Amino acid sequence: FWLKNCSRHQLLWQARTLVMPSKRRNNGRSKKNKGHVVAVRCSNCSRCTPKDKAIKRFQVRNIVDASSTRDIKEASVYQQYQLPKLYVKVVYCVSCAIHARVVRVRSAAGKKIRTRPERPAMRKN
């Protein structure tokens, strides 16, 4: 075994020069100088994921479906009553986010692009 044949100085030098390659600039997390972060549960599979590593999205939905909305508007006393929306914060682990296509796998060159993608334009009703 090579450890028995090396001096202490040689072992320290080898340990200092062997640096593992880093896949991402932030190691897949947004934790800087914190040490420990609270774990959250994935909305899809209930896996524990660090809060800074989890992919978080807001899901905005109507409380009722389209056909029921039409029935409610016809039966309503108010002409311009806007039904409230349902705001749900969805938290995914990395594997579920990739599987559900919330985030996509990018090439090594694509990972270096740090600008946010453009948001889709709001539809006018």
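Basis for what follows: all heavy atoms, side chains included, without hydrogens, waters or symmetry-related copies. On a predicted model such as this, the values are computed, not experimentally measured, just so you know.
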Chemist: Please name all residues satisfying side chain to side chain donor-acceptor pair (under 3.5 Å) with N26, sequence neighbours left out, ordered by chain then number.
Modeler: none

Chemist: What heavy-atom pair brings I72 and L83 nearest, and what distance separates the two atoms?
Modeler: CG2-CD2, 4.4 Å

Chemist: Do R29 and V37 have side-chain heavy atoms sitting under 4.5 Å apart?
Modeler: yes

Chemist: Among residues at least two apart in sequence or on other chains, which ones pass side chain to side chain donor-acceptor pair (under 3.5 Å) with R57?
Modeler: none

Chemist: From R114 CZ over to K112 NZ, what is the distance, rounded to the nearest 0.5 angstrom?
Modeler: 11.0 Å

Chemist: Check whether any side-chain heavy atom of P50 lies under 4.5 Å from a side-chain heavy atom of K31, and answer yes or no.
Modeler: no

Chemist: Can you pull the salt bridge (Lys or Arg N to Asp or Glu O under 4.0 Å) pairs that have at least one residue in residues 60-81, sequence neighbours excluded?
Modeler: none

Chemist: With R41, which residues qualify under salt bridge (charged side-chain N to carboxylate O under 4.0 Å, His left out), at least two apart?
Modeler: none

Chemist: Applying side chain to side chain donor-acceptor pair (under 3.5 Å) as the test, list every pair that has at least one member in residues 98-107; sequence neighbours left out.
Modeler: none

Chemist: For the hydrophobic clusters of this structure (ILVMFWY residues joined by side-chain heavy atoms under 4.5 Å, transitively), does one cluster hold both V60 and V88?
Modeler: no

Chemist: Can you name the side chain to side chain contact (heavy atoms under 4.5 Å, CB included) partners of K23, sequence neighbours left out?
Modeler: K111

Chemist: Grab the two heavy atoms, one from N44 and one from C96, that are nearest each other, plus how far apart they are.
Modeler: ND2-SG, 3.3 Å

Chemist: How close do V94 and I55 get, counting heavy atoms only, and between which atoms?
Modeler: CA-CD1, 3.8 Å

Chemist: Apply the hydrophobic cluster definition, ILVMFWY joined by side-chain contacts under 4.5 Å directly or through others, and give me every member besides I113.
Modeler: none

Chemist: Considering residues at least two apart in sequence or located in another chain, which fulfil the side chain to side chain donor-acceptor pair (under 3.5 Å) criterion with S46?
Modeler: none

Chemist: If I compare all heavy atoms of K51 with all of K56, which pair ends up nearest, and what's the gap?
Modeler: O-NZ, 2.7 Å

Chemist: Going by side chain to side chain contact (heavy atoms under 4.5 Å, CB included), name the residues that satisfy it together with T49, two or more places apart in sequence or in a different chain.
Modeler: R47, K53, A54, C93

Chemist: To which residues is V91 joined in a hydrophobic cluster, defined by side-chain heavy-atom contacts under 4.5 Å among Ile, Leu, Val, Met, Phe, Trp and Tyr, whether direct or through other members?
Modeler: V40

Chemist: Quick one: list whatever passes side chain to side chain donor-acceptor pair (under 3.5 Å) with T69, sequence neighbours left out.
Modeler: none

Chemist: Determine which pairs satisfy side chain to side chain donor-acceptor pair (under 3.5 Å) with at least one residue from residues 76-94, sequence neighbours left out, and list them in order.
Modeler: N62-K85

